[in-house]
Trainee: 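Pasting a structure below so you can have a look.
Excluded from the calculations below are hydrogen atoms, water molecules and symmetry mates; all remaining heavy atoms, backbone and side chain alike, are included.
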Amino acid sequence: MPISNPRITGHAFLAGLYRDGYYPDHVVDRCSAVLVRLCERIEADRPADLPALYLLTHAATEEFNALEAEFEAAGSEIETVAREEIAADFWAVARAYGFEDADIEELIAPREW
């Protein structure tokens with residue numbers, strides 16, 4: 001399902017990570033795909049409230065957790081800069097879909113990075 005939200009279709013996910021050579025593009029591509037799938041799920045499932053949104057964002061966060069080994073294998077890691085960039089994009093997604101009152105820490109609560 002293609003994303004229809006114009007606030008998302010015009011958004012470059014993880015742009016700061018792509019600009020920084022420390023983060024391998026092929027792994028950042030996989031991370032960006034997680035965020036795109038999150039948006040597709042939000043559009044398909046239309047969460048009615050914050051708890052429903054958090055279920056979706058927590059699942060996406062678990063996907064990020066699984067990618068940590070790929071970062072490490074490529075000589076990188078999800079460290080402070082990456083954590084901030086990823087969290088900012090989760091927040092951007094929440095706002096784009098009308099969840100301005102979402103808690104940024106709760107969006108990514110199961111993170112291991």
Trainee: Within this structure, what is the NE2-CG distance for the pair H11 and D89, rounded to the nearest 0.5 Å?
Mentor: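 It comes to 3.5 Å.
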Trainee: Can you find a pair of side-chain heavy atoms, one from I8 and one from F13, that are under 4.5 Å apart?
Mentor: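 They are in contact (side-chain heavy atoms under 4.5 Å apart), so the answer is yes.
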Trainee: Quick one, F90 and L35 - any side-chain contact, counting heavy atoms below 4.5 Å?
Mentor: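 Result yes, sub-4.5 Å side-chain heavy-atom pair found.
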Trainee: How far apart are the C-alpha atoms of I42 and N5, what are their side-chain angles, what is the distance that settles it, and do they pass the side-chain contact (heavy atoms from CB on, under 4.5 Å) test?
Mentor: CA-CA 10 Å; I42 290 171; N5 185 316; over 6 Å; no
Trainee: How far does CD1 of I108 sit from CD1 of I86, to the nearest 0.5 angstrom?
Mentor: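 Output value for this atom pair is 8.0 Å.
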Trainee: Considering non-hydrogen atoms only, spot the tightest contact between S32 and Y18 and give its length.
Mentor: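 In this case the closest contact between S32 and Y18 is CB-OH, 3.7 Å.
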Trainee: Using the rule that two of Ile, Leu, Val, Met, Phe, Trp, Tyr join whenever any of their side-chain heavy atoms come within less than 4.5 Å, decide whether Y97 and L55 are in one cluster.
Mentor: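 In one cluster: no.
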Trainee: Quick check: are there more than 12 heavy atoms from other residues, nucleotides or ligands sitting under 6.0 Å from CZ of R111?
Mentor: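 Buried by this count: over 12 neighbours within 6.0 Å.
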Trainee: Quick one: closest heavy-atom pair of P47 and L53, and the distance?
Mentor: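 Closest approach of P47 to L53: CB-N, 3.6 Å.
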Trainee: Find the distance between CD (E68) and CD (E112) and round it off to the nearest 0.5 Å.
Mentor: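 With rounding to 0.5 Å, CD (E68) is 9.0 Å from CD (E112).
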Trainee: Name the one of T61, N65, T80 that satisfies side chain to side chain donor-acceptor pair (under 3.5 Å) with W113?
Mentor: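 The option that passes is N65.
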Trainee: Measuring from D101:CG to D49:CG, what's the distance to the nearest 0.5 Å?
Mentor: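 Reported value, rounded in 0.5 Å steps: 10.0 Å.
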Trainee: Could you measure the distance from the CD1 atom of I104 to the CD atom of E84? Nearest 0.5 Å is fine.
Mentor: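 Atom-to-atom, I104:CD1 and E84:CD are 7.5 Å apart.
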Trainee: A side-chain contact here means heavy atoms from C-beta on lying under 4.5 Å apart; do T57 and V93 qualify?
Mentor: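 The answer is no, as the side chains (C-beta and beyond) never meet within the 4.5 Å cut-off.
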Trainee: Which heavy atom of F71 sits nearest a heavy atom of P24, and at what distance?
Mentor: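 Minimum heavy-atom separation between F71 and P24: CD2-CD, 4.4 Å.
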Trainee: Looking only at heavy atoms, which two atoms of E62 and P110 are closest? And how far apart?
Mentor: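 Residues E62 and P110, closest heavy atoms: OE2-CB, 3.2 Å.
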Trainee: Taking all non-hydrogen atoms of both residues, which atom of V27 and which atom of A74 are closest, and how far apart?
Mentor: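 Heavy atoms only, the tightest pair is CG2-CB, 4.5 Å.
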Trainee: Can you classify the ring geometry of Y54 versus H58 as parallel (below 30°), tilted (30 to 60°) or perpendicular (above 60°)?
Mentor: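 The arrangement is parallel - the two ring planes meet at less than 30°.
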Trainee: Could you report the tightest heavy-atom contact between E85 and G16, atom names first, then the distance?
Mentor: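 So the two residues come closest at OE2-N, 3.0 Å.
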Trainee: Can you find a heavy atom in the side chain of R41 that is under 4.5 Å from one in the side chain of R37?
Mentor: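 SC-SC contact between R41 and R37 confirmed.
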Trainee: Are the side chains of Y22 and L17 in contact, using a 4.5 Å heavy-atom criterion?
Mentor: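 No, every pair of side-chain atoms sits at 4.5 Å or beyond.
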Trainee: How long is the straight-line distance from CG of L38 back to CD1 of I3, given to the nearest 0.5 Å?
Mentor: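 Reported value, rounded in 0.5 Å steps: 9.0 Å.
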